[in-house]
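Notes to accompany the following structure.
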Amino acid sequence: MKKLSLITETFTESVIREMTRICDAVKGYNLSQGFPDFPAEEIIKKAAINAITKDYNQYPVTFGEPNLRLAIADKFLWYNGVKINPDTDITVTCGATEAMIATLKAVINPGDEVIIFEPFYENYGPDAILSGAKPRYVTLYSPDWHYNPKELRSAFNSKTKAIIINTPNNPTGKVFSKQELQEIAELCMRWDCLAITDEIYEHIIYDGAKHISIAALPGMRNRSITINSISKTYSVTGWRVGWAIASTDITSRIRKVHDFLTVGAPTPFQEAAAFALRLPKSYYEKLQKRYVDSRKFLYDLLLETGFGPCFPKGAYYIIAEIESLKRKLKVRDDFSFSRKLIELTRVATVPGSSFYADKRKGRNQVRFCFCKCKDTLLKVSKGLRKLKKL
Ligand code: GLN
């Protein structure tokens, strides 16, 4: 048989999704994959059911139903402060996942470099490779996950096509400050490159911090591609409705890639998404309140049971150091630690190395998510407390 695609030999399966399979097999508590285990809001579910009943059941407009694009544009103005044209500047995709790969496919040429902050959400590495770009990593240093401005500056060069930003950040919980985004924006302008910004956790942000879109900064409107989705904000990760906002020029390229990749995101869920995006501000306050409580619960629990958690400022993940627990459990790396942890406590995590290109950097870390209901978190606490008795 002829050799299969060489490109697919250069990356592995998603560890996050693999951990979910392992967790399901032992009926464990899934603190690995970031999806809520509590029900979505009744009114949002009703909106999807109504759309199906009203026969929104055929292909959508390939780049997004007009009703949804209008709702996206309205919300981007009130929450992010950027005015866009819903007819020309939005592509609705199958989740933020497709928005990211379609964007990269639309802008990358062979030999282009893409800057990625490390640790990073594990899709970005393979996304860059699949689109033919060479990833260049810039370290975020714990516990506050700052970058070194000198290192950032030296990552840019004439081959740099884009930088990927994810704020609030998965897996670190970092929220990029205005000053940091301004610094990145200046580098993008100096080196004539794009900011591809994944803002899927924009409403999951704590302690009065403010979400800032780099697209709102002077000179960045046409240099930014802002990616988002309904998955995390409205707790419907299985609906697969996301989007990319970009200048008309870039959007026309993204739309072509998207059309041939997937044709469109599910029509009835696009209608429900349009409804959700028009919910009042009180919806987002309620969401934040829920996550403030579960963040505190999990953070305290991890401290108590021997982990070294980093307190997140946004998103719904906690990275925790496992150095001393590794010794206690007599395991050598993050993978064997995660396997042993499921075995002992039925709690599933993501091994830290999945978030690094240089796998050694994540050997002493695991990632937990806390987007789970009180009952699950209580069961998790029972499980993790077993570690104290070892
Ligand atoms: N963003 C989620 C996580 O990091 C998972 C997304 C996915 O699996 N598609 O866990």
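Order of appearance sets the numbers: ligands from 1, and atoms from 1 within every ligand. Because the structure is predicted, anything quoted here is derived from the model rather than measured.
Ala102 approaches Ile254 most closely through the heavy-atom pair CB-CG2, 4.2 Å.
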Working for side-chain hydrogen bond (donor to acceptor under 3.5 Å, both in side chains), residues Thr248 and Thr251: CA-CA 5 Å; Thr248 305; Thr251 295; over 6 Å; no

Assess whether side chain to side chain contact (heavy atoms under 4.5 Å, CB included) is satisfied between Lys372 and Phe38, documenting all intermediate values. CA-CA 6 Å; Lys372 306 291 163 175; Phe38 47 83; 5.9 Å; no

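Using a heavy-atom distance under 4.0 Å as the criterion, the protein contacts of ligand 1 are Ile16, Arg17, Ser32, Gln33, Gly34, Tyr121, Asn170, Tyr201, Lys232, Tyr317, Arg367.
Counting only residues at least two apart or in different chains, side chain to side chain donor-acceptor pair (under 3.5 Å) contacts with residues 264-273 comprise Asn67-Glu271.
Looking at Leu303 and Pro309, their side chains come closer than 4.5 Å, going by heavy atoms from C-beta outward. Residues Tyr356 and Gln365 have side chains in contact (heavy-atom distance under 4.5 Å, counting atoms from C-beta outward).
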